[in-house]
Amino acid sequence: MIALQHAAAIPDPLSIPANAPEHCPGTESDMAGKADACDGCANKDICASGAAKGPDPALPFVRERMSSVKHKILVLSGKGGVGKSTFTAQLGWAFAADEDSQDNLGVMSVGFMLPSSRDAVMWRGPKKNGLISQFLKDVDWGNLDYLLVDTPPGTSDEHLSIVTYLRESGIDGAVVITTPQEVALQDVRREINFCNKVGIKVLGLVENMSGFVCPNCKGESQIFKPSTGGGRQLAKEMGVEFLGAVPLDPRIGKSADYGVSFLDEYPDSPATTAYLDIIEKIKAQLEDD
C-alpha cells in the first residue's frame, strides 16, 4: 500500500519549479504548497493558492515564434566533455549546406550577452530559465528547416524548461552523444530515461571519439576502450537506434577554433564520412515522421 501511494504521488517533472526544494510535489498536485517538503519554500503560498497551476504566459508567444520552424532537435549528453557541442556545430553546418550557403546558418548563445568572453554565467535556475524563454519567443528565427538546441550535460532545470516551452510546438526528437567508455555510458542511460519520462523521442545514439584517426598515416587507435560494448551495445540495450561512430580527428577542433565547417574543409576524413552517414539517418527519420 505504501509503495502504491508513493508511485501515485510522483509529480510530472515539468510541473516542478526551477527553485523548488527536494521532494516537491509539483505545481499540478493537490498537495502543492501543502506538503511537508513545501515548508520554507519561497513558492509555498502561490502554490497553495492554486495560482501556479496556470500556464506560463510565455507559452503562446513561444508557440507563435516556433510556428515557422519545421524541425526542432535537442542534442543531449549525460556527461560533459563528450563532444556534444562540436557535434551540434557540425550537424548545423551539414543542414545549412543543403542550400550551399553559410548565410543559411545562424546561431544564438548566452555567450553573446556577456560583457566579455572571460565572464562566467553565474545565474540561478529561474534566471537561466527566463533566458531560455526569451531565446525561444523573442529571437527572430525566421523560417527555419531545423532548430538545433545544444543543451548542457545532464538533466537539469534547463532541460525541463526547454521541454516545457517546446512541448506544444513539437520536438521532433533528441540525438544523444556519448563516448565509448563505461563512465560516459552510465550517464547516457539516465539521459535516455529522462527523454522517456518527458515524452521526447530519441532519434538515436552517437558514439563520439570512437578511436583516433591520424591525419597523416590514416591509422586508427582506440583512446577510450569500449570495455562494455560502447555505444552500439548501449543502443541495443536501451532500444534506440545506433546512428554511428565518429572517430576523433584533431582537425575537428582546429575547424571549430577557426569557425569553419570541418565537413567542407576535410571531406576525405573518416570522421566526415561518419558525420554524413549519421546526418542522413537523422534526416530519414524526420522525413518518415
Side-chain angles (χ1 to χ4, degrees), residues 14 62-63 65-80 82-99 104-110 131-133 135-137 139 141-156 158-178 187-188 190-208 231 235 238-246 256 261-263 274-289:
L14 300 181
V62 173
R63 185 167 57 249
R65 183 69 75 183
M66 291 292 106
S67 64
S68 62
V69 180
K70 292 181 181 178
H71 300 293
K72 306 164 194 71
I73 302 172
L74 307 184
V75 184
L76 308 173
S77 70
K79 179 179 178 295
V82 298
K84 172 183 52 58
S85 296
T86 301
F87 179 86
T88 306
Q90 299 308 320
L91 189 60
W93 282 112
F95 282 151
D98 286 349
E99 303 297 328
N104 198 41
L105 176 67
V107 63
M108 185 61 183
S109 171
V110 66
L131 181 68
I132 292 170
S133 168
F135 276 1
L136 293 175
K137 69 183 179 68
V139 174
W141 294 105
N143 296 317
L144 291 182
D145 290 322
Y146 302 97
L147 175 68
L148 307 179
V149 181
D150 180 20
T151 66
T155 51
S156 61
E158 291 94 321
H159 298 80
L160 293 174
S161 292
I162 291 167
V163 175
T164 299
Y165 288 124
L166 290 181
R167 172 179 270 179
E168 294 185 29
S169 304
I171 300 174
D172 290 86
V175 177
V176 185
I177 314 297
T178 188
D187 289 338
V188 167
R190 301 185 185 98
E191 199 77 42
I192 294 175
N193 285 331
F194 166 81
C195 291
N196 293 335
K197 286 182 178 179
V198 298
I200 299 175
K201 177 183 178 181
V202 178
L203 298 174
L205 178 68
V206 173
E207 182 180 279
N208 205 19
M238 300 297 292
V240 300
E241 181 174 354
F242 182 68
L243 295 173
V246 181
S261 170
F262 170 78
L263 307 180
Y275 273 127
L276 295 178
D277 287 346
I278 291 168
I279 289 162
E280 287 306 311
K281 290 180 181 178
I282 296 173
K283 286 184 177 179
Q285 286 199 54
L286 298 179
E287 290 170 0
D288 290 343
D289 293 342

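When a residue number appears, it is its place in the shown sequence, counting from 1.
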May I ask you to test the Leu203-Ile282 pair for a side-chain heavy-atom distance under 4.5 Å?
yes

Rounded to the nearest 0.5 Å, what separates atom CZ in Phe87 from atom CD1 in Ile279?
6.0 Å

Could you tell me which residues satisfy side chain to side chain contact (heavy atoms under 4.5 Å, CB included) with Ala235, sequence neighbours excluded, listed by chain and number?
Leu205, Val240, Phe242

Any side-chain heavy atom of Val149 sitting closer than 4.5 Å to one from Lys72?
no

Starting at OG of Ser133, measure out to CD1 of Ile162 and round the result to the nearest 0.5 Å.
11.5 Å

Roughly how far, to the nearest 0.5 Å, is the CD1 atom of Ile278 from the CD atom of Glu241?
10.5 Å

How are the rings of Tyr146 and Phe95 set to each other: parallel, tilted or perpendicular (split at 30° and 60°)?
parallel

Using only atom types and a distance under 3.5 Å, with no angle test, would you say the side chain of Lys137 pairs donor to acceptor with the backbone of Arg65?
no

Quick check: do Ile177 and Val175 have side-chain heavy atoms less than 4.5 Å from each other?
yes

Taking side chain to side chain donor-acceptor pair (under 3.5 Å) as the criterion, tell me which of Gln285, His71, Lys201, Lys70 meets it with Asp172.
His71

Set of residues satisfying side chain to side chain donor-acceptor pair (under 3.5 Å) with respect to Glu280, sequence neighbours excluded:
none

Do Thr151 and Glu158 have side chains that approach each other closer than 4.5 Å (heavy atoms only, starting at C-beta)?
no

Return the set of residues passing side chain to side chain donor-acceptor pair (under 3.5 Å) with Ser68 (not counting sequence neighbours), or none when no residue passes.
none

With Asp187 via side chain to side chain donor-acceptor pair (under 3.5 Å) - residues at least two apart
Arg190

Any side-chain to backbone donor/acceptor pair from Lys281 onto Leu243? Under 3.5 Å, distance only.
yes

If only atom types and distance count, is the side chain of Asn208 paired as donor or acceptor with the main-chain N or O of Val82 below 3.5 Å?
yes

List the residues meeting side chain to side chain donor-acceptor pair (under 3.5 Å) with Arg63, not counting sequence neighbours, and say none if there are none.
Glu168

Is the shortest side-chain heavy-atom distance between His159 and Leu76 below 4.5 Å?
yes

Suppose we screen for side chain to side chain contact (heavy atoms under 4.5 Å, CB included). Which residues come up paired with Leu144, at least two apart in sequence or across chains?
Val69, Trp141, Leu147

What's the verdict on side chain to side chain contact (heavy atoms under 4.5 Å, CB included) for Leu160 and Phe194, showing C-alpha distance, side-chain angles and the deciding distance?
CA-CA 10 Å; Leu160 293 174; Phe194 166 81; 3.7 Å; yes

Mark yes or no for whether Ser77, through its side chain, and Thr178, through its backbone, hold a donor-acceptor pair below 3.5 Å.
no

Is there a side-chain contact between Asn196 and Asn193 (heavy atoms, below 4.5 Å)?
yes

Between CD1 of Ile171 and CD1 of Ile200, what distance do you get to the nearest 0.5 Å?
4.5 Å

